[in-house]
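See structure below.
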Number of protein chains: 2
Amino acid sequence: METSNLKKAGLKVTLPRMKILEILENSETRHLTAEAIYRELLDSGEEIGLATVYRVLTQFEAAGLVCRLHLEGNQAVFELERGGHHDHIVCNQCGRVEEFFDETIERRQREVAQHHGFAIKDHALVLYGDCTDSACPHRPA
Amino acid sequence: METSNLKKAGLKVTLPRMKILEILENSETRHLTAEAIYRELLDSGEEIGLATVYRVLTQFEAAGLVCRLHLEGNQAVFELERGGHHDHIVCNQCGRVEEFFDETIERRQREVAQHHGFAIKDHALVLYGDCTDSACPHRPA
DNA sequence: ATAGAAATGAGAATCTTGATCATCTGAGCG
DNA sequence: CGCTCAGATGATCAAGATTCTCATTTCTAT
């Protein structure tokens, strides 16, 4: 049960929070904007406010349940934290997001930071390109 | 003269554009928000609108004269494009920005992208940490 | 100098996200 | 099982960043 995650985070188990967690777990894209979650909830017949979605997502982020990513600048996307850190590749054409993890890059980042006198705490790495995958519809969402 | 850059970019040579270029060239931090440029212009006695600053910076970006960076999320910063590509380290404490370039990271990025079926066009890499430099005032701007 | 196209400035508009506050809901207790 | 109250919600408002609109002004070419 995910409710244990909520309790562990000191968050009361409420309907909106469970529904939002559910959507994050069942989403195919795994990277959703607050608005997308909001619309999905409305479509499911839930009566929820957009402010609640933002509030809950911010709390989830603080609790380490989700990550907030700025993949294209204006609208943040949220993804369920499933343990492993990873970075992202975004297709300029269709907006598809792939995840990757590269130990060499991670290591070099730490080395570079150290070399510049920084104790690295976090990083944001996003690659942008055209996915040559035949599944790419080659038109933006 | 920088005016040649403007002409080459197909942009009319106007006072606001030259002043903005000047500020970007003479700034010590090399990473300025639109508002910072705007305020500096006002302080110099120029009569300029904030909208013009944003407009001009966007045009400069399209012309390849400046880069727009999202170092901390809410406000974009602009830096003069001086040829070499580089990435950034930001101090969580004092906000200081350092630039770096690491060929290993660049290469691995291309390899990772190719491996995932992407033709990489661009990337954004920002490291966040605490700068142990004694020059760091250890308090946010 | 002049005309026409492009650029500017002021403010309105938009978009995303956070704040406010009255109302409602969930967890513990009798 | 119903009660109570802290905490959560929803509607609206608000803030911050950036873009749009449009009347006026400024370059560039003639």
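Order of the sequence lines fixes the chain letters, A, B, ..., with proteins taken first and strands second; residue numbering starts at 1 for each chain.
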> Looking at B:K19 and B:E47, does any basic side-chain N land under 4.0 Å from a carboxylate oxygen?
Replying inline: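 Salt bridge between B:K19 and B:E47, a charged N being under 4.0 Å from a carboxylate O: no.
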> Does any donor atom in the side chain of B:T58 or B:R55 lie under 3.5 Å from an acceptor atom in the other side chain?
Replying inline: no
>> Between P on D:dA17 and CG on B:L57, what's the gap in Å once rounded to a whole number?
In response: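 B:L57 atom CG is separated from D:dA17 atom P by 15 Å.
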>> Expressed as a whole number of angstroms, how long is the span from A:H70:NE2 to D:dT18:P?
In response: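 Rounded to whole Å, this separation is 13 Å.
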>> Generate the contact string for nucleotides 6-15 of chain D. Rules: B means base contact, S means sugar-phosphate contact only, - means no protein heavy atom under 4.0 Å.
In response: BSSBBBB---
> Which two nucleotides bound the region of DNA chain C that has atoms under 4.0 Å from heavy atoms of chain B, read 5' to 3'?
Replying inline: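 Reading along DNA chain C, I get C:dA5 to C:dG11.
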>> By the 4.0 Å heavy-atom rule, please label B:T33 as base, sugar-phosphate, or nothing.
In response: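 No contact at all - B:T33 keeps every heavy atom at 4.0 Å or more from the nucleic acid.
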> Reckon B:A34 touches a base, only the sugar-phosphate, or nothing at all at heavy-atom distances under 4.0 Å?
Replying inline: nothing
Quick one: do [X] and [Y] end up in the same hydrophobic cluster if we chain Ile, Leu, Val, Met, Phe, Trp and Tyr together by side-chain heavy atoms under 4.5 Å apart?
X: B:L125; Y: B:L71; value: no
X: B:F60; Y: B:V77; value: no
X: A:V13; Y: A:L80; value: yes

> CZ/B:F78 to CG/B:L57 distance, rounded to the nearest 0.5 angstrom?
Replying inline: 4.5 Å
>> Looking at A:Y128 and B:A124, would you say the former's side chain and the latter's main chain have a donor-acceptor pair under 3.5 Å?
In response: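 A pair under 3.5 Å: no.
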> Which comes earlier along DNA chain D counting from the 5' end, the contact point of B:A76 or that of B:V13, where each point is its nearest nucleotide?
Replying inline: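 The 5'-side residue here is B:A76.
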> A:Q75: what forms a side chain to side chain donor-acceptor pair (under 3.5 Å) with it, not counting sequence neighbours?
Replying inline: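 Side chain to side chain donor-acceptor pair (under 3.5 Å) list for A:Q75, sorted by chain: empty.
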